[in-house]
Amino acid sequence: MPGFELFGEQEKKEVQDVLDSGVLMRYGFDGMRQGHWKAKELESALTQRMQSKYAHMVSSGTAALTVALASAGIGAGDEVIVPTFTFVASFEAVLALGAIPVLVDIDATLTLDPLAVENAITKNTKVVMPVHMCGSMADLDALKSICDKHGLLLLEDACQAIGGSYNGKPLGSYGDLGCFSFDYVKTITCGEGGAIITNNESYYSNADHYSDHGHDHVGNDRGAEAHPFLGYNYRISELNAATGLAQIRRLDEFLDIQERNYSIIRKALEPIDNITFRTVPNGGVENYSFLSFFLPDGERAKLAQNALKEAGLDGCFYWYDNNWHYYRKWEHLIHKKSLGNLPQDVKNQLPDYSQSDFSKSDYWISRNISCLIKLSWSEEEVHQRATKMADVLRNL
Ligand SMILES: *Cc1c(COP(=O)(O)O)cnc(C)c1O
């Protein structure tokens, strides 16, 4: 990743179709659109590739999470379990609905620790949201049986893991709902965009209405549509959908390149004593967008990141110090700061994260480095990179 590395003729053709018709909106204007329905076609391509009954496109991955939660009736006072290692979008989506993000430890999978999840369940818990960070997944069987036991919804944030699988099922299709992001730096990009997949018809139809001001989408006259409930505007534009349509057709091509590049680098690092790799649960297949590994302690992980940078090896991240992906730097959440006041109930119910003990997450993340696997590298470049990386890490 990212998919923009390999933009080509197909992306241009799909976008040109939309410009030629002049219809940039995904709904209506049937007479003008010359048969182009890019968002609909992308949804249909997603249902097939993701082995899911329904797919609904929205304007971003964050919107997908928000709409997915709303579609299942999640709202004020409901608790949603999210990992300490994720992207800020996870808790943004939850808070946007007046629900409560409950942060929970991760384990060697770099995703939700099932034991910590079970310990965090209260009478208000409604959803468990594993986030398949950096291309690999949580132990979904374990999480599913916890959800079944407690009557909770399993919502997969597969924004960073499109194309990976678990027990033969595409990531995102295992839970009750799955979300993808197609922002500019993801494996498949629309520029901006996101998708919700589900097998549940009412979640799908709720998502479809909620993301378009509550319009019920019955009949051909938008002005005459009914509004069974409140909604907002999370629509994707046809221009963005057109880009994604070209890209989704190339998903398997992209995954093959990622797997090749990942395997070459991994093979070079495997003999190094001080390095262990992220755990991939049994039955899981990564999408190979990142190679994540652990150093023996935080100090050496930091040293490693600096040494890799100095050697000109870009794209290796030390998430422990990262503002976007790890709870330690989420000052706004920790101090409950918003524009205007958060609802008092939310403030009261939101855990005091300045006092939380996430030493288990710290243990894993402080020792972790994740290196981005690019699509545009030539095979020769990857081999050079692999040798260089191994040299740097061996000589720490
Ligand atoms: C990118 C991302 C999102 C949000 O996607 P946007 O399209 O940027 O809003 C959500 N979760 C994870 C894990 C992501 O990486």
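These numbers come from the heavy atoms of this one structure, side chains and all, not from hydrogens, waters or symmetry mates. Start at 1 and go down the list; that is how both ligands and their atoms are numbered. Source: prediction; values computed, not measured.
Looking from atom 3 (C) of ligand 1 to the surrounding protein, the closest heavy atom is Phe87 CD2, 3.5 Å. Counting only heavy atoms of the protein, atom 5 (O) of ligand 1 lies nearest to Ser181 OG, 3.2 Å. Closest to atom 2 (C) of ligand 1, if we only count protein heavy atoms, is Lys186 NZ, 3.0 Å. The single protein non-hydrogen atom nearest to atom 9 (O) of ligand 1 is Thr62 OG1, 2.5 Å, given as residue, atom name and distance. In terms of protein heavy-atom proximity, atom 11 (N) of ligand 1 is nearest to Asp157 OD2, 2.8 Å.
Contact between His132 and ligand 1 is absent, with no heavy atom of the residue lying under 4.0 Å from the ligand.
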Identify every side-chain donor-acceptor pair in residues 96-112 under 3.5 Å, counting partners at least two apart or on other chains, and give the distances.
from   : atom 1 : to     : atom 2 : distance (Å)
Asp105 : OD1    : Ser361 : N      : 3.2
Asp105 : OD1    : Ser361 : OG     : 2.3
Asp107 : OD1    : Thr109 : N      : 2.9
Asp107 : OD1    : Thr109 : OG1    : 2.6
Thr109 : OG1    : Thr111 : N      : 3.1
Thr109 : OG1    : Thr111 : O      : 3.4
Thr109 : OG1    : Thr111 : OG1    : 2.6
Thr111 : OG1    : Ala138 : N      : 3.4

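Both the backbone and the side chain of Ser60 come within 4.0 Å of ligand 1, judged by heavy-atom distances. Contacts between Glu192 and ligand 1 below 4.0 angstrom, taking non-hydrogen atoms only, are absent altogether.
By the 4.0 Å N-to-carboxylate-O rule, Asp148 lies close enough to Lys144 to be salt-bridged with it.
On a distance-only criterion, Ser90 and ligand 1 share no N/O pair closer than 3.5 Å.
Counting the atoms of ligand 1 from 1 in the order shown, those under 4.0 Å from a heavy atom of Val131 are 13 (C). Per-residue contacts place Asp183 under 4.0 angstrom from the following atoms of ligand 1 (heavy atoms of the residue considered): 1 (C), 6 (P), 7 (O), 8 (O).
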Could you walk me through whether Arg385 and Asp314 pass the salt bridge (Lys or Arg N to Asp or Glu O under 4.0 Å) check?
CA-CA 10 Å; Arg385 205 180 162 86; Asp314 58 338; 3.3 Å; yes

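Using modelled atom types, one side-chain atom of Ser263 and one backbone atom of Glu259 make a donor-acceptor pair closer than 3.5 Å. Under a 3.5 Å cut-off, the side chain of Lys388 and the backbone N or O of Ala311 do form a donor-acceptor pair.
Taking the six-membered ring wherever Trp is involved, the centroid distance between the rings of Trp330 and Phe91 falls below 6.0 Å.
Between Cys159 and Cys179, a gap of 2.5 Å or greater is found separating the two SG atoms.
A distance of 12.5 Å separates CZ in Phe182 from CD in Glu192, rounded to the nearest 0.5 Å.
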